[in-house]
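One structure is given below, encoded as structure tokens.
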Amino acid sequence: MIKYAGKSVNQGIAAGRIKLYRKEEQSFKRGSEYDPEQELDRYEAAKQMAGTQLQSLYLKTLGSVGKESAGIFEMQEAMLDDLDYTDSVHNKIVDEKVSADYAVSYAGEYFSALFSELEDEYMRARAADIRDITERLLSCLKGGGEKELELEEPSIILAEDLTPSETIQLDPEKVLGFVTRKGSANSHTAILARMMDIPALVNADIPMTDEMDRQEAVLDGFRGELIVDPDEAILDDIKKMKLEKGREIEIDQAYIGRESVTKDGRRICIYANIGDVTDLPAVIMNDADGVGLFRSEFLFLGRDTCPTEEEQFLAYKQAAETMAGKKTIIRTLDVGADKRVPYIKLDKEENPAMGFRAIRISLTDLELFRTQLRAIYRASAFGHLAVMYPMIISVQEIEQIIEICEEVKADLAKEGIVFREIEQGIMIETPAAVMISDELAKKVDFFSIGTNDLTQYTLAIDRQNEKLDRFYDSHHPAVLRMIRMVIENGHREGCWVGICGELGADTTLTQTFIDMGIDELSVSSAFVLPIRRIVCNL
């Protein structure tokens with residue numbers, strides 16, 4: 001029995017044989033005898049074929065794991081026309097008379113290496129997308145179609161790395177999990193693994209030798225281990241864990257239809273976080289009390305132009321109608337930092353997490369902000385909507401927002417458009433907002449604590465920097481004291497207070513938050529019933 005360590009990007013347990021997956025090495029002679037015009041035509045034809053394939057992948061992903069993940073392939077399709085990349089290929093073909101294959105291979109190696117050296121973890125992870133696009137173009141230049149990894153039996157895949165295209169085409173019925181020697185927790189491949197609920201490790205210190213193929217193994221996504229040739233004791237433990245997990249799921253299902261009330265009568269709202277209306281079926285299936293965070297930025301990502309008022313209105317209206325009277329809280333546009341859109345001009349910043357982002361963009365581009373508010377207020381006529389604003393740090397920001405809301409409502413009234421008054425809330429994500437939460441509470445109806453950013457800013461630790469993982473402590477006493485302070489200040493002024501960050505789903509803190517007086521926990525849909533079960537038994 002041998003144990004290999006890796007970084008877990010999705011928890012879970014899998015047991016089965018290893019399938020070793022190696023890609024074919026592609027190499028191209030430089031040469032200089034090629035006709036530039038002919039090679040440029042080949043390149044354009046390959047781009048067109050690649051675009052068609054990516055559209056097909058987008059639709060497949062949309063149907064299987066939702067719009068948020070499907071956006072990966074929309075982004076890749078846009079990257080096919082990236083000027084830096086295409087200029088590099090064109091210049092190589094025209095100036096040096098090399099083949100389109102060599103030019104594409106050169107551009108892919110150059111730009112993926114460039115991204116790999118960037119300090120920002122999110123941007124480094126984009127190197128995998130560049131390699132994915134490059135491999136697709138090279139395959140199309142050869143006239144090839146989509147290549148899928150064929151599995152004869154359910155297996156744990158071991159690979160040097162997996163591209164998003166390869167990951168989404170894995171057969172969930174036959175893939176028990178995957179382990180890669182490279183990769184990042186922020187890569188699109190890791191995101192897809194979580195959306196597909198496949199146990200996965202990246203950055204695993206494991207040999208890619210023929211001897212590994214078809215070895216019996218256990219993939220432990222909780223401990224971040226791949227156990228090769230496990231003994232009987234390990235296998236028995238795995239069987240027990242799977243049985244226990246199955247029993248937990250059955251027990252959780254019994255809480256569908258029950259109110260989230262403690263034994264002594266304390267009512268806690270357990271809401272769900274969503275990225276798009278395609279996530280709503282999971283919200284309904286898991287019987288959430290409402291939607292505590294509708295991440296409206298996903299309407300703005302993966303496209304070349306800003307969504308119109310009508311497009312936004314239809315999405316918010318669908319959410320309101322689907323939730324059938326249950327509250328849906330829409331967070332206004334929260335881009336910047338690691339979420340960038342091409343049509344909103346965001347300059348390169350030394351520290352984007354503390355830069356031009358979220359409400360700062362909205363209060364600068366007032367036309368963009370008013371358009372979103374109009375869409376939200378129009379949709380309010382069709383259900384129970386509320387709105388909250390991200391990254392608030394001052395009373396003055398709230399006063400400006402309220403003034404803009406009044407102007408928007410006055411305009412809608414003049415146009416004879418029906419709307420309802422809706423609750424106004426803010427995200428508490430910075431120490432500044434915590435320290436003046438007593439003043440902020442006088443201006444709004446509710447607080448929603450974004451624990452991810454609050455922890456990052458309180459501890460002065462970049463949560464995307466894996467080198468700092470051992471220093472990052474979401475249970476830090478300072479963070480928990482801040483949460484308590486926000487709850488107490490909010491209640492003193494008549495504000496209800498919720499948590500919509502990752503800590504809301506941390507079951508080791510559920511009792512602590514309820515003791516603090518929390519009113520609402522907003523979590524991923526899959527956590528709604530497990531949290532309700534805990535609440536009902538407190």
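Other residues, nucleotides and ligands place more than 12 heavy atoms under 6.0 Å from the CE atom of M485. By the 6.0 Å contact criterion, CZ on R481 is open, its count of non-hydrogen atoms from other residues, nucleotides or ligands being 12 or less. More than 12 heavy-atom neighbours from other residues, nucleotides or ligands sit within 6.0 angstrom of CZ on R267.
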(message) Does Q511 form a side-chain hydrogen bond (donor to acceptor under 3.5 Å, both in side chains) with D515? I'd like the steps, not just the answer.
(response) CA-CA 6 Å; Q511 173 82 63; D515 289 345; 3.0 Å; yes

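Not one N or O on the side chain of R295 forms a donor-acceptor pair closer than 3.5 Å with the backbone of D334. Although no hydrogens or angles enter the test, the distance criterion places a donor-acceptor pair under 3.5 Å between the side chain of K326 and the main chain of A288.
Here the closest heavy-atom approach between residue D438 and residue E493 is recorded as O-CG, 3.7 Å. Taking both residues in full, the closest heavy atoms of L459 and D473 are given as CD1-O, 3.5 Å, listed atom of the first, atom of the second, then distance. Across every non-hydrogen atom of I531 and G504, the tightest pair is CD1-O, 3.9 Å. Here the closest non-hydrogen pair linking I359 and M391 is CG2-O, 3.6 Å. Nearest heavy-atom pair, I392 versus A433, reported as atom, atom and distance to 0.1 Å: O-CB, 3.5 Å.
A salt bridge between R331 and E297 is present, with a side-chain N of the basic residue lying under 4.0 Å from a carboxylate O of the acidic one. We find that R360 and D365 are not joined by a salt bridge, their nearest charged nitrogen and carboxylate oxygen being 4.0 Å or further apart. Between R374 and E415 there is a salt bridge, with a side-chain nitrogen of the basic residue lying less than 4.0 Å from a carboxylate oxygen of the acidic one. Taking 4.0 Å as the cut-off between side-chain N and carboxylate O, D289 and K327 do not count as a salt-bridged pair.
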Side chains of residues 249-259: which donor-acceptor partners sit under 3.5 Å, not counting sequence neighbours?
unit_1, atom_1, unit_2, atom_2, d
D252, OD1, R533, NE, 2.4
D252, OD1, R533, NH2, 3.3
Y255, OH, N537, ND2, 3.0

Name every donor-acceptor pair, under 3.5 Å, that has one atom in a side chain of residues 403-410 and the other anywhere in the protein, sequence neighbours excluded.
unit_1, atom_1, unit_2, atom_2, d
E406, OE2, K409, NZ, 3.0
E407, OE1, R370, NH2, 3.0
K409, NZ, E421, OE1, 2.9
K409, NZ, E421, OE2, 3.2

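Aromatic rings from Y316 and F382 are positioned such that their centres are separated by 6.0 Å or more.
By the 30° and 60° cut-offs, the orientation of the rings of F419 relative to Y377 is perpendicular.
Residues D129 and Q76 bring a donor and an acceptor atom of their side chains to less than 3.5 Å of each other. In this structure, a donor-acceptor pair under 3.5 Å is present between the side chains of R532 and S260. In this structure, a donor-acceptor pair under 3.5 Å is present between the side chains of S522 and N273. For Q372 and S296, the side-chain atoms include at least one donor-acceptor pair closer than 3.5 Å. Side-chain polar atoms of Y389 and E397 form no donor-acceptor pair below 3.5 angstrom.
Remark: F447 engages no residue in a ring pair (Phe, Tyr, Trp, His ring centres under 6.0 Å) (not counting sequence neighbours).
The distance from the CZ atom of R266 to the CG atom of D264 is 8.5 Å, given to the nearest 0.5 Å. Going from atom OG of S380 over to atom CD of E423 covers 12.5 Å, rounded to the nearest 0.5 Å.
Tested against L201, the residues L219, V9, D220 include a single side-chain contact (heavy atoms from CB on, under 4.5 Å) partner, L219.
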